[in-house]
Amino acid sequence: MGRNLNISQCVAEALTLEMHRDDRVMVIGEDVGRQGGVFGATRGLHKAFGDLRVVDTPISETAITGMGVGLAMEGYRPVLEIMFVDFIGVCLDQVYNAIAKNHYMSGGRVTMPIVIKTAGGCIGSGAQHSQCLWGLFAHLPGLKVVAPSNPYDAKGLMAAAVESDDPVIYIEHKGLLLSRADDFTFGNDVPEGRYTVPIGQAAVIRPGTHLTLATLSGTVLPAFAAAERLASEGIDVEVIDLRSVVPLDVATVAQSVEKTRRLLVVDEDYLSFGLSAELVTRVLEAGVSIRSFSRHAVPDVPIPGALSLERAVVPNQSSIEGAIREVVARP
Amino acid sequence: MGRNLNISQCVAEALTLEMHRDDRVMVIGEDVGRQGGVFGATRGLHKAFGDLRVVDTPISETAITGMGVGLAMEGYRPVLEIMFVDFIGVCLDQVYNAIAKNHYMSGGRVTMPIVIKTAGGCIGSGAQHSQCLWGLFAHLPGLKVVAPSNPYDAKGLMAAAVESDDPVIYIEHKGLLLSRADDFTFGNDVPEGRYTVPIGQAAVIRPGTHLTLATLSGTVLPAFAAAERLASEGIDVEVIDLRSVVPLDVATVAQSVEKTRRLLVVDEDYLSFGLSAELVTRVLEAGVSIRSFSRHAVPDVPIPGALSLERAVVPNQSSIEGAIREVVARP
Amino acid sequence: MTTLSERFGYMVWMREFELACLEGVPTREIHSELHTAIGQEAIGAGMAGFLRADDSLSSTHRNHLHGIAKGVNMRAMLAEIFEKETGLCGGFGGHMHLFDPGLKFSTTGIVGAGVPVSVGHALAARARGDDAVAVAVVGDGAVNTGAFHEALNFAGVHRLPLVVLVENNEWAISVPFEKASATPTVAERASAWACFGTRVDGTDVEAVADAFGAAVERARRGGGPSIVEATCYRFRGHFEGDADTYRSEQEKSARRALDPLDIAARALIDRGEASAEQIDQRRQTVRTAMAEMLASVRADQQPLPEKALNHVFRPVS
Amino acid sequence: MTTLSERFGYMVWMREFELACLEGVPTREIHSELHTAIGQEAIGAGMAGFLRADDSLSSTHRNHLHGIAKGVNMRAMLAEIFEKETGLCGGFGGHMHLFDPGLKFSTTGIVGAGVPVSVGHALAARARGDDAVAVAVVGDGAVNTGAFHEALNFAGVHRLPLVVLVENNEWAISVPFEKASATPTVAERASAWACFGTRVDGTDVEAVADAFGAAVERARRGGGPSIVEATCYRFRGHFEGDADTYRSEQEKSARRALDPLDIAARALIDRGEASAEQIDQRRQTVRTAMAEMLASVRADQQPLPEKALNHVFRPVS
Ligand SMILES: Cc1ncc(C[n+]2csc(CCOP(=O)(O)OP(=O)(O)O)c2C)c(N)n1
Ligand SMILES: Cc1ncc(C[n+]2csc(CCOP(=O)(O)OP(=O)(O)O)c2C)c(N)n1
Ligand SMILES: [Mg+2]
Ligand SMILES: [Mg+2]
């Protein structure tokens, strides 16, 4: 184990390695430079690579994302930071009408090797600073979408995202960024050197036989804890960390459900028209027969301000345990 | 039948009646005034209600939607036009972080009786002018989403949208706006007076026993035609026009599938993380057992420019016929 | 007219309000990143008294003082910030999302997003044909957002009764104004939107009041939109928990020495309107009152979890 | 230096290119709303000759002339507009989405969205440390978008080598410029972003060339960003099919009388650089060449339907 890095440090380490490896990589965003990111995930980059490659910007997300398009057309590989994913609404146009589509619209002639690095997840900041929104990006063709749950993946998926010739939305979880490797029972051994975690591959975090629980990002840890807890009651849950939303690793989930026949999707994003229904549907389309399935996600409600309300709508260990029990108890 | 209005005229008629009924209704957007809308859906309003209630704006969608928020807080009922739904990316922030959430964030104290009137659908204009995107709005809590398929609903849903105290995204289909009532075999009798079509209620357009085909907006007409065509081959399709995406009328679809045991969702929006999976999942969650289901939608690809490519990815009557045949042929 | 003494009173309440908020952070009663405006009280207090109930005010993530200036019930604000069901929004909003529809007061956590909202308020006044004024307060960081431009341009075209008050505290989190703005001041940009533009010392409550009052008056008379830029400094980190290493200790201590409350107090004393003791006493009185308010708010309940699904849509009648 | 005669040549090609495009509309070979720039040729031709291959150019929905000015292969453009697999983008783009990466030319159908893209190009020049220049062409309607403001501000802060050429044809679809812009001109706004600003008669190809050339030169020398506003008029509706009733017949015929091609031709004749017959002959020659190009493009295939799923992502290697 050794290095007890927090996730922000893993991200910064990945970016440092990528910037050393490829001098076309630039990092652009608010507070990414001198401050090293509001969560520290770009710390050290400005010092190491200077003003020309690490650019602090005004609060101008449309400029940030639009510049990414121009830079990509010049052969650069921009990593663009949108501080909180909630802010994507001011610049989604550049993201889905240009970054996501220019490769297609140009008949493959233009590439958009762009990473949009952003932070999602609930840490008590109310409706405008707590969203996940991977379901929103995933609906829009041309974007890959990843959301790591642990230190190892945070570093490896960032390397893979920067290396990708396709645009990648990289969604950190604010609640995890300051967690240290030792807080994790999985993905806690982070090599110093460069490595990648392949985009589009889920990981079985815990094998089990009674139920397949698929989730990602900030809810992997409480899902894992819930599974461990219920193991003592004889409920044996297979926990899958999806890691990527696009491409979605349906095969791994389908294979698991072949065995367990039960599927629970836990999603910190909104319930409807998002990840959970897509995954259930795709597993069924894969021809797997499911005895029962369930979705546990934010019940189509903005994230409320007060902690008492927030707890009522955001999946946590105890609510996940409840959801597991409910599915397993079904005939 | 009598009045052979086109759908734009139906929309304009609805807005006229609403503005007469309630002087808090305002219409704001690009080219909505003197020009009466690029598709004519606001024709006559400026003349009838003047500069103060019908406002032509600069190309400033963030201002348009943001002003809507302020106007709503002043007790007005703004109808905001975003010319093509594709442009929502420049102002989604105001839509999902303010319009959709202010009622919730204020603990119910503030209401946002706002209609966002916009045009979607494919008419050959390529990747940035052809999207539907109802799946995107539907993922974001706090927004109702409707997309009429015929003249009667176009008028009645607009009246219901303006009357609603909740924000409503009203998505016209560009390919339908200039279609006349006589082009339709359903919803073609448009009363002169005011009436509403309830938001959240699907309509069974054609009863059938072998398959439930659920769709909305521009694909209802070709789906209906496909069903009629296949009837001669002994395939009896029940066609449901969902009309609203949020709230989704799962009950009507579930009831139909109870009978047919087969479900085909046809969606001109992108396939994944959208309407089709949500509907399949909800029908299953309603406890209906489905013998087989299928989704026919834009296969996660931007809408291409050339007609030959566009036809390959956007559902049309013949591709819908193929999809019906495929599902019905399954064991 | 509001006197300097009255404005000083506002400043004291504002300071004490922010100090009360700070108490909720280490105790985790406030479980999100709190933004205080300690050091910027001369701006909030400079606004006070000019706005009627039917004038509107949209504010930002750093919004408490603006709410106080607009006359929003302080206890309800404090309770919202402390996540209580007695809060201004029943605990649904949180400290970045304060709404008082009766006073046409609202805030947003999205930088720049309030300005178009205020333009909507201004357009409402135009539609009604009355003389209500719309005010938007933003930070210096907001002036480079697209929302700011679109909103001001629209207000300029229609000569709307809009006042945009820019609290230029020189920093947007870690990014200094001069690295974010193409122009050295915000005020000089005003003509791009056919606005009147002015820049004042935002630690001088009377200077702010003069400039803001004049802009409101101009808007009310039909004279069109204004930008009032008030220079200031935030004494604390961007939010509670911000290590604030991007600003030098030297800069911070130099600027904190220019405390707007002290500046106003000194002016009162110099003018013979109050003695140092009276000043102390006034501050003490408010401190006591604020402590009582805080204690009372703390005794309130958090909202009931089972209410969390309310208010997404209006109840079906 | 490009001579007036050469610029006239560009204008003729540009006009004939647009006329060729028009032929595809009634036949439905072009199945979307075509935007032509007939009447605005003096601007396109005024740009020609100043840009190197490594300079970039981003354009709009009304983009054909800019592509020609940048040196994009005309046949490939025409084929893309006619939805052929031989098109610049293999038929995937369509007429609003032209990309020539080798020439750093791109377009967008989203008003205003090209300006930040050009700032990215300019930032690349800065990062490389070379003297490439980034040009964005936009219409008068685009100057009121948030994208325009954010992009120009960033360019102003960093003194980037950016030239924004605004084709002010007085209308954004049906909305006249004076009802959309808070200022009577775009150029006067330039100082808000620390840009150089100038306004020229965009029917005078040499005036455009002088202003545009100077701006490019300034950017290349490190003199920072400029806005060049060129006044003009679009002779046809916003798109083919637009009833164009919002502009009075009187206005339209008066403005169409100021045909930039005629203006340039007259200047050539006045200066004794060409006779009326020579002018006619040049136009006729280009017309014939264009007709041949069109015929040849028409013979090309539409892209194969089975390719429609390509290019969403890069092929997995
Ligand atoms: C659109 C958007 N981008 C980024 C942020 C994150 N953010 C919150 S406050 C802030 C700085 C604001 O600076 P300024 O406007 O000067 O206000 P101050 O905090 O100095 O009062 C930033 C970048 C945001 N909330 N919204
Ligand atoms: C963000 C956005 N809003 C609206 C539109 C619809 N639209 C296309 S062109 C146009 C008018 C553009 O006017 P201008 O910039 O003056 O260019 P012109 O057409 O006059 O050349 C509009 C409103 C769009 N494409 N993008
Ligand atoms: Mg600031
Ligand atoms: Mg124009």
Side-chain angles (χ1 to χ4, degrees), chain B residues 23-24 26 28 49-53 55-76 78 80 90-91 93-94 96-114 141-144 164-168 198-200 246-247, chain C residues 54 56 58 80 85 87-94 96-102 104-110 112-129 132 134 136 145-155 157-158 303 307 310-315 317:
Chain B
D23 59 16
R24 300 167 303 171
M26 291 174 70
I28 300 173
F49 303 102
D51 272 345
L52 292 179
R53 294 185 63 197
V55 184
D56 268 330
T57 68
I59 305 176
S60 303
E61 284 84 0
T62 300
I64 295 169
T65 45
M67 287 193 294
V69 174
L71 284 163
M73 290 201 273
E74 294 275 349
Y76 284 90
L80 311 172
V90 300
C91 63
D93 176 64
Q94 293 286 352
Y96 81 126
N97 275 328
I99 293 173
K101 291 177 185 159
N102 280 359
H103 183 60
Y104 189 84
M105 294 193 299
S106 68
R109 285 154 180 81
V110 165
T111 55
M112 291 280 121
I114 293 172
L143 302 171
K144 296 192 166 167
S164 166
D165 284 334
D166 299 313
V168 180
I199 295 172
V246 179
Chain C
D54 68 330
S56 63
S58 79
E80 187 63 30
E85 67 171 347
L88 195 61
C89 304
F92 283 71
M96 278 191 279
H97 314 115
L98 304 178
F99 293 86
D100 188 333
K104 300 189 181 174
F105 176 74
S106 69
T107 75
T108 175
I110 307 298
V115 194
V117 173
S118 287
V119 176
H121 283 287
L123 195 62
R126 157 74 45 95
R128 283 190 307 262
T145 64
F148 185 85
H149 175 64
E150 293 192 3
L152 278 172
N153 179 63
F154 190 91
V157 171
H158 292 273
K307 291 199 172 165
N310 294 358
H311 308 311
V312 180
F313 294 117
R314 300 265 293 173
S317 52

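Order of the sequence lines fixes the chain letters, A, B, ..., with proteins taken first and strands second; residue numbering starts at 1 for each chain.
Side chain of B:Gln94 to backbone of C:Ala113: a donor-acceptor contact under 3.5 angstrom is found. Looking only at distances, a side-chain donor or acceptor of C:Glu150 sits under 3.5 Å from a matching main-chain atom of B:Thr62. No side-chain donor-acceptor contact under 3.5 Å links C:Arg314 to the backbone of B:Pro113.
In this structure, no portion of B:Val90 lies under 4.5 Å from any heavy atom of chain C. Contact annotation for B:Asp165: both backbone and side-chain heavy atoms come within less than 4.5 Å of a heavy atom of chain C. For a residue to count as touching a neighbouring chain, one of its non-hydrogen atoms must lie under 4.5 Å from one of that chain's; by this rule B:Lys101 does not touch chain C. If you measure heavy-atom distances from C:Ser56 to chain B, the contacts under 4.5 Å come from the side chain alone. Only the side chain of C:Ser106 comes within contact range of chain B, with at least one heavy atom under 4.5 Å from a heavy atom of that chain. Neither the backbone nor the side chain of B:Ile64 comes within less than 4.5 Å of any heavy atom in chain C. In this structure, chain B has heavy atoms under 4.5 Å from both the backbone and the side chain of C:Ala127. Neither the backbone nor the side chain of C:Leu152 comes within less than 4.5 Å of any heavy atom of chain B. Interface remark: B:Met26 contributes side-chain atoms only to the contact with chain C (heavy atom separation under 4.5 Å). Residue contact with chain C, scored on non-hydrogen atoms closer than 4.5 Å, involves the side chain of B:Thr111 exclusively.
Note that NE2 of C:His158 and CG of B:Leu52 are 10.5 Å apart. Values are rounded to the nearest 0.5 Å. With values rounded to the nearest 0.5 angstrom, B:Lys144 atom NZ is found 5.5 Å from C:Phe313 atom CZ. C:Phe99 contributes atom CZ, which lies 3.5 Å from atom CG of B:Asn102 (distance to the nearest 0.5 angstrom). Distance check: B:His103 NE2 to C:Asn310 CG gives 9.0 Å after rounding to the nearest 0.5 Å. A distance of 11.0 Å separates CD1 in B:Ile59 from CG in C:Asn153, rounded to the nearest 0.5 Å. Remark: C:Thr108 OG1 to B:Asp93 CG distance equals 6.5 Å, nearest 0.5 Å.
Of all the listed residues (B:Asp166, B:Val69, B:Leu143), the one sharing the greatest number of non-hydrogen pairs under 4.5 Å with chain C is B:Asp166. Interface check for chain B: of the options C:His149, C:Arg128, C:Lys307, the most heavy-atom pairs under 4.5 Å are formed by C:Arg128. In terms of non-hydrogen atom pairs under 4.5 Å with chain B, the most contact-rich of C:Gly87, C:Cys89, C:Gly91 is C:Cys89.
Contact detail for C:Pro116 and B:Ala63: the closest heavy-atom pair is CB-CA, 4.0 Å. Taking each heavy atom of B:Gly142 and C:Val312 in turn, the nearest pair found is N-CG1, 3.8 Å. Closest of all the heavy-atom pairs between C:Phe92 and B:Tyr104 is CB-O, 3.1 Å. Nearest approach of B:Pro58 to C:Phe154, heavy atoms of both residues: CD-CD1, 3.6 Å. When all heavy atoms are compared, the tightest approach of C:His311 to B:Gly108 is ND1-CA, 3.5 Å.
In this structure, the side chains of C:Leu123 and B:Leu71 come closer than 4.5 Å at one or more pairs of heavy atoms. Between B:Met73 and C:Lys104, every side-chain heavy-atom pair lies at or beyond the 4.5 Å cut-off.
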